[in-house]
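Before I ask anything, let me first share the structure, which is written out below as structure tokens.
These numbers were taken from a predicted model, which means no experiment stands behind them.
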Amino acid sequence: MPRRSHHALLSALLAGALGLLSAAPGLAAAETTPDRPVVGLVLGGGGAKGIAHVGVLQVLEELQVPVDLVVGTSMGAIVGGLYAQGLSPRELQNLVVDMDWQDAFRDDPARRFRSLRRKAEDWGFPRQVTLGVSRDALLLPPGLLQGQRLTAILRELSLDSAHITDFDRLPLPFRATAVDIQSGEVLALGSGDLALAMRASMSIPGAIAPVKWEGRLLVDGGIANNLPVDLARAMGAEVVIAVDVGGDGLEVSELTGPFSVMEQTSHLMIRQNVAQQIATLKPTDLYVRPDLTGIRIGTADFDRAEEAIVAGALAARSERQRLLELAVDDAAWERHLARQRRGEPAVRRVDFIRLDNQSRLRDELLLSRIHSEPGEPLDPETLNADMERLYGLGYFERVDYRYVEEDGRGGLEVTAVPRSWGPRYLRFGLALEDDFDSSSNYRAGVSYLLTEVNRLGAEFQADLEVGSEPGLHLGYWQPFRRDARAYVTPWAELRRQDRNIFDAGDQVGRYRITRYELGLAVGREFGNITDLRLGYQFGGGRARARIQPPDLPRHDSFTTGIAFIELTLDRLDNPLLPRSGGYLSLRYDYSDEALGADDDFQRVSVQLLGAVSQERNTWLAGARLGSFTSGEAPIHELYTLGGFMNLSGFQRDALTGTHLAHTRLAYLRQITGYRTLGGLPVFLGGALEAGNVWDDEEPRSLDDLIPAASLIGVILTPIGALHLGVSQAEAGRHAGYLSLGQVF
């Protein structure tokens, strides 16, 4: 028997078995007549290429072709599941075109929802790679993405269907395919959690984490059945419209590395199971394949949604005559739409909130981040923000919710699942700055973080840095309120740094300063924006001349004792390249012999940064001010200026003094578009700066500010922001810069 016949026979047997196991009572409600067959729509997977399904749906409705049931895989499951719930093709088009896909395929919550504890990690120690660690192994997350944002989007879009657990009771009966990653079994998800079923069908192995479903781990159904014609047949479809958005794979010239070879291998496996399904199509079925290869739309090209929709519509119109054979008259079409379209969104009340907290943290800590109030109408925007705040604590692999109805009351079931690769983490990072002349600075670091030390959410952290300024920092953070808003934090630090001494712009000396410090602070957080802390730090050290400056000692030992109060407000959206929000740090230091210090002084320091954007344009303005208001400043506490975006054109720390003023204004324009899961955003622009430092005996005037100007390029890479700059300052000073890390 030919192989094709084998495939047809196996498919027929499978269809019969599925028909016995999976009845479709929802079809009883469909208006089918002896002269109109039951039409099943099968939507295949293909990532961004699956957006073409929306164009196919548009043409089906233009021609008044009713669909009686929908089966989908991966992106086809999402488009099909939303259509089965009652969204129109127009609503689907607006959704996929307007959606920020860059945001949808990202786990990290918007920075305004992250806890202040997590925000503080953005400053200082470089962190680019994080791994979980156990006693005998390094641990990785189950996927590059956990699908947190994607799940939240599907939850919101499916709120009106949240009470439906039998997918045959949807306006159109629906199935999503998924694969049990352990056994390889193909599952047809037809009951349970609808949003999670769509999410499971798009769990691309290795890229998006699997979904736990009734004790199984489910991944993208496309790896075993990317075009499930057999499933539609088992549900009762007499005519199948199969939409295949799979491409033709890569050309030989495109197989240039291990990743392209792996991509091609996956493609071949999927095309084999698609070919088996195509072989089962009958002469009365329709096979629609949008030409996405010709216009080179790939699986990650979500920013080309409109083009994909057009391609889907063109492919469907090429089958116009055959589709018209399935069309119905106006009256029957109106009855079909009345059944398929969703009505006005229901007003849902939150009568109760039930928390399934699977971590060791106190329920009160999590509930304090939930702003949805029992007794109030459900507000999706507030609810999504609640999930973002919980996820922003940094402890959870998944934070999810379901709207449930019990005894005439509606409520929320919130689930918080701790990270499977936590609570111990190793983090690695690199930061550098080079002016291609006489100054270079680099830092490489490894950090150990232990979270959830106790039920209040205490944390221990150890940071080790090597490079130009090596150091070791040990810190413990202990909340002492059930909502973790108040805390106490002791720390110990050992650090070494070089301090250049300049005279009239020329370097005349260099000190190597080694210092240790012990500190303790108590603080109070206000929301996720404001932190106020009061503390004391005691330490000491030694300054040793590497290049002996004139009129200064070769060695100098010192002891410090400082009481301080510090206020921080952090509303920036991104620490590497802010595009909106602001940052304020205000600190007052009091050093006195009574506190154990060698030197008596008082000091005030202020740092400001603000950012605004319009489309591709971003403006940043910042200032740094500091002054020793009394006493004499020791050399190891002096303010410094010099370096990229710290009075560019001057060598790093070229200016030192007891009083500081520095301002900057930058403009950047994004010149490349975002591509989901690929591509690097690039910005070009410039900056103007003015700044100076003064000693106590010098008069201070705005006329003394030194101007500087820079041309800047920024590339946002997976390991941080890469900056390239060419700068010119007063008196002909100029420099080129390469920097990886934070410069604004």
Side-chain angles (χ1 to χ4, degrees), residues 48 93-106 108-114 119 122-123 149 152-153 156 300-307 380-381 384-385 388 392 527-529 569-585 607-624 644-646 648 662-690 707-718 720-727 737 739 741-744:
Q93 177 175 349
N94 293 338
L95 174 66
V96 297
V97 171
D98 296 339
M99 181 176 292
D100 183 348
W101 290 99
Q102 176 81 10
D103 185 70
F105 287 101
R106 190 182 71 201
D108 287 340
R111 196 165 180 272
R112 67 182 184 275
F113 295 122
R114 292 173 59 191
K119 285 183 179 181
D122 294 332
W123 314 116
R149 289 285 186 88
I153 291 169
E156 183 175 352
D301 292 335
F302 287 91
D303 58 341
R304 300 177 65 188
E306 291 180 292
E307 296 174 71
E381 184 175 346
N384 286 334
E388 295 273 87
N528 289 351
I529 298 172
L569 289 84
D570 189 347
R571 299 179 66 104
L572 291 178
D573 68 326
N574 188 322
L576 297 178
L577 181 60
R579 303 203 67 198
S580 66
Y583 177 88
L584 166 66
S585 174
Q607 186 171 351
L608 295 160
L609 178 63
V612 294
S613 295
Q614 183 179 22
E615 296 180 348
R616 292 176 176 264
N617 305 296
T618 298
W619 294 265
L620 299 107
R624 190 161 67 99
F644 191 37
M645 289 295 102
N646 193 37
S648 305
H662 176 244
T663 62
R664 59 192 176 193
L665 177 65
Y667 166 77
L668 293 168
R669 178 173 174 82
Q670 184 182 343
I671 62 171
T672 62
Y674 283 101
R675 290 288 183 87
T676 304
L677 302 180
L680 298 176
V682 178
F683 298 79
L684 290 179
L688 298 174
E689 299 175 74
S710 303
L711 295 176
I712 307 170
V714 184
I715 306 173
L716 297 183
T717 76
L722 182 66
H723 303 80
L724 296 170
V726 178
S727 305
Y737 293 98
S739 174
Q742 299 159 348
V743 301
F744 294 106

Within the side chain of D573, is there an N or O that forms a donor-acceptor pair under 3.5 Å with the backbone of G581?
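No: the side chain of D573 does not pair with the backbone of G581.
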
Polar side-chain atom of W101 near backbone of V96 as donor-acceptor pair, under 3.5 Å:
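Yes, because the side chain of W101 sits within donor-acceptor range (under 3.5 Å) of the backbone of V96.
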
Please determine whether side chain to side chain donor-acceptor pair (under 3.5 Å) holds for the pair N646 and R624, giving the CA-CA distance in whole Å, both sets of side-chain angles, and the decisive distance to 0.1 Å.
CA-CA 9 Å; N646 193 37; R624 190 161 67 99; 3.1 Å; yes

Below 4.5 Å, heavy atoms only, C-beta onward: do N574 and L572 meet side chain to side chain?
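Result no, sub-4.5 Å side-chain heavy-atom pair not found.
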
With a 4.5 Å cut-off on side-chain heavy atoms, are L668 and L577 touching?
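Yes, at least one pair of side-chain atoms sits under 4.5 Å.
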
Between the side chains of R111 and N528, is a donor N or O closer than 3.5 angstrom to an acceptor N or O?
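Not at all, the side chains of R111 and N528 share no donor-acceptor pair under 3.5 Å.
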
Aromatic ring pairing Y737/F644, orientation class (parallel under 30°, perpendicular over 60°, tilted between):
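Y737 vs F644 ring planes: parallel.
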
Interatomic distance, Q670 atom CD to E615 atom CD [nearest 0.5 angstrom]
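One finds 11.0 Å between CD of Q670 and CD of E615.
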
Are Y583 and L569 packed together at the side-chain level, in the sense that at least one heavy-atom pair is separated by less than 4.5 angstrom?
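Answer no - side chains too far apart.
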
Are S648 and E689 linked by a side-chain donor-acceptor pair shorter than 3.5 Å?
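Looking only at side-chain atoms, E689 and S648 do form a donor-acceptor pair, the distance falling under 3.5 Å.
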
Closest non-hydrogen atom pair, D570 against K119
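Reported closest heavy-atom pair: O-NZ, 2.9 Å.
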
Identify whether the distance between the nearest side-chain nitrogen and carboxylate oxygen of D122 and R114 falls below 4.0 Å.
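Yes, charged N to carboxylate O under 4.0 Å.
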
Nearest heavy-atom pair of L716 and A721: which atoms, and what distance?
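Between these two residues, the closest heavy atoms are CD2-CB, 3.9 Å.
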
Minimum heavy-atom separation for F113 to A385, with atom names?
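Looking at all heavy atoms of both residues, the closest pair is CE2-CB, 3.6 Å.
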
State the CD1-CG distance between I153 and D100, to the nearest 0.5 angstrom.
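I153 CD1 to D100 CG: 8.5 Å, rounded to 0.5 Å.
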
Heavy-atom closest pair, residues G713 and L684:
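That would be CA-CD2, 3.8 Å.
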
Quick one: are L609 and P578 in side-chain contact, heavy atoms under 4.5 Å?
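Yes, their side chains come closer than 4.5 Å.
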
Are D108 and R149 side-chain neighbours, meaning at least one heavy-atom pair lies under 4.5 Å?
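No, every pair of side-chain atoms sits at 4.5 Å or beyond.
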
What do you reckon, is CZ of R571 surrounded by more than 12 foreign heavy atoms closer than 6.0 Å?
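Open: at most 12 neighbouring heavy atoms sit under 6.0 Å from CZ of R571.
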
Side chains of R579 and F683, heavy atoms from C-beta outward: is any pair under 4.5 Å?
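Answer yes - side chains close enough.
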
Write down the atom of Q742, the atom of L576, and the distance for their closest heavy-atom approach.
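Shortest heavy-atom contact: CG-CD2, 3.9 Å.
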
Backbone N/O of R304 and side chain of D301: donor-acceptor pair under 3.5 Å
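A pair under 3.5 Å: no.
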
Using a strict threshold of under 4.0 Å (side-chain N to carboxylate O), is an ion pair present between E388 and R112?
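Result for this pair is no, no salt bridge flagged.
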
Close side-chain approach of Q607 to L584, heavy-atom, < 4.5 Å
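A side-chain contact under 4.5 Å is absent here.
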
Go through N384 and E156 one step at a time and tell me if the side-chain contact (heavy atoms from CB on, under 4.5 Å) criterion holds.
CA-CA 8 Å; N384 286 334; E156 183 175 352; 2.6 Å; yes

Supply the atom-to-atom distance S580 OG to Q614 CD, rounded to the nearest 0.5 angstrom.
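The distance works out to 13.5 Å.
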
